[in-house]
Structures are given as C-alpha cells and as structure tokens.
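Okay, structure first, notes after.
Source: prediction; values computed, not measured.
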Amino acid sequence: MKTIIAAAAFTLAAASPVFAAKTTIEFVPDDGSAAGTWVFDDATMTATGPDGSVGPYTYDQATATICGTDPGGNEVCATFTDTETEPAVGVSSAYTMNTGDTGTATIKAID
C-alpha cells in the first residue's frame, strides 16, 4: 500500500482540476528496492497495485499530500515536490513518505 500512496500522490499533485480516468505510474524507491507499477482510478479514488490489491486514497491539493491505509491499518502518506507540471506520460516527481522514505514516480500512461 505504501507504493500505492506514493504513486497516487504524484498523480494528483501534478494534476489539473480535470483528472484523467486512469493513470499508470511507476514508483521507484531511492533505496534500490523493487519498483512497482500502479493504476489509479480518479473516478473511484482507488489504486490497483501490481499484485492486484485495491485500496482507497485521499488527496490534499494544498499540501500535495496523499494518504491511505495499508493492510495492517497504518496510515501511509506521501508528499510530492512537483506540483506545477501538467500530468503527461514521462513526467516524473520526487516524493517523501511519512516514514521518511524517498523516491521518484513516473507517469507511464494516462487513459
């Protein structure tokens, strides 16, 4: 779920008021752990991870922060640095998790 939240944060932090129906984002942690690809459905505010798990998220546009709950019931949040770039395939943004983890998310598709 942590990667779901981080990638979703990038999607919404960079988005204009009219969101795409679905956005696919690759999340790459700075610590070298495995990258993950996630699909975010802005109509339902849910994200689907590479393992097929689906979870809800919320987004605070003022702080460019997205939060959700992991399977263990823990709140997971991510704040993104790039809040000015219009979302497009290939656009990337750095993020910082509420756990202190950092990385880069890149939009791979917008449907």
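- Within the 4.5 Å cutoff, the side chain of Pro29 has no heavy atoms near those of the Thr102 side chain.
- A donor-acceptor pair under 3.5 Å is formed between the side chain of Thr65 and the backbone N or O of Thr63.
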Verdict with supporting geometry, Ile25 and Phe40, side-chain contact (heavy atoms from CB on, under 4.5 Å): CA-CA 8 Å; Ile25 298 176; Phe40 300 91; 4.0 Å; yes
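- When side chains are defined from C-beta on, Val76 counts as touching Met97, because their heavy atoms get closer than 4.5 Å.
- The backbone N or O of Cys77 sits less than 3.5 Å from a side-chain atom of Asn98, completing a donor-acceptor pair.
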side-chain contact (heavy atoms from CB on, under 4.5 Å) evaluation trace for Thr24 with Ile107: CA-CA 6 Å; Thr24 302; Ile107 297 174; over 6 Å; no
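- Under a hydrophobic clustering in which Ile, Leu, Val, Met, Phe, Trp and Tyr are joined whenever their side-chain heavy atoms come within less than 4.5 Å, directly or via other members, Val39 and Tyr57 fall into different clusters.
- Taking each heavy atom of Ser93 and Phe80 in turn, the nearest pair found is OG-CD2, 3.7 Å.
- The one candidate from Asp82, Thr106, Thr104 that meets the side-chain hydrogen bond (donor to acceptor under 3.5 Å, both in side chains) condition with Ser92 is Thr106.
- Across every non-hydrogen atom of Glu86 and Val91, the tightest pair is O-CG2, 3.9 Å.
- Annotation: the span from Lys22 atom NZ to Asp42 atom CG amounts to 10.5 Å, rounded to 0.5 Å.
- Rounding to the nearest 0.5 Å places CH2 of Trp38 at 12.0 Å from CD of Glu26.
- In this structure, OG1 on Thr81 lies 11.5 Å from OH on Tyr95, to the nearest 0.5 angstrom.
- Within the 4.5 Å cutoff, side-chain heavy atoms of Glu75 are placed close to those of Cys67.
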CA sep, side-chain torsions, deciding dist, call: Asp41, Thr48, side-chain contact (heavy atoms from CB on, under 4.5 Å): CA-CA 8 Å; Asp41 186 333; Thr48 304; over 6 Å; no
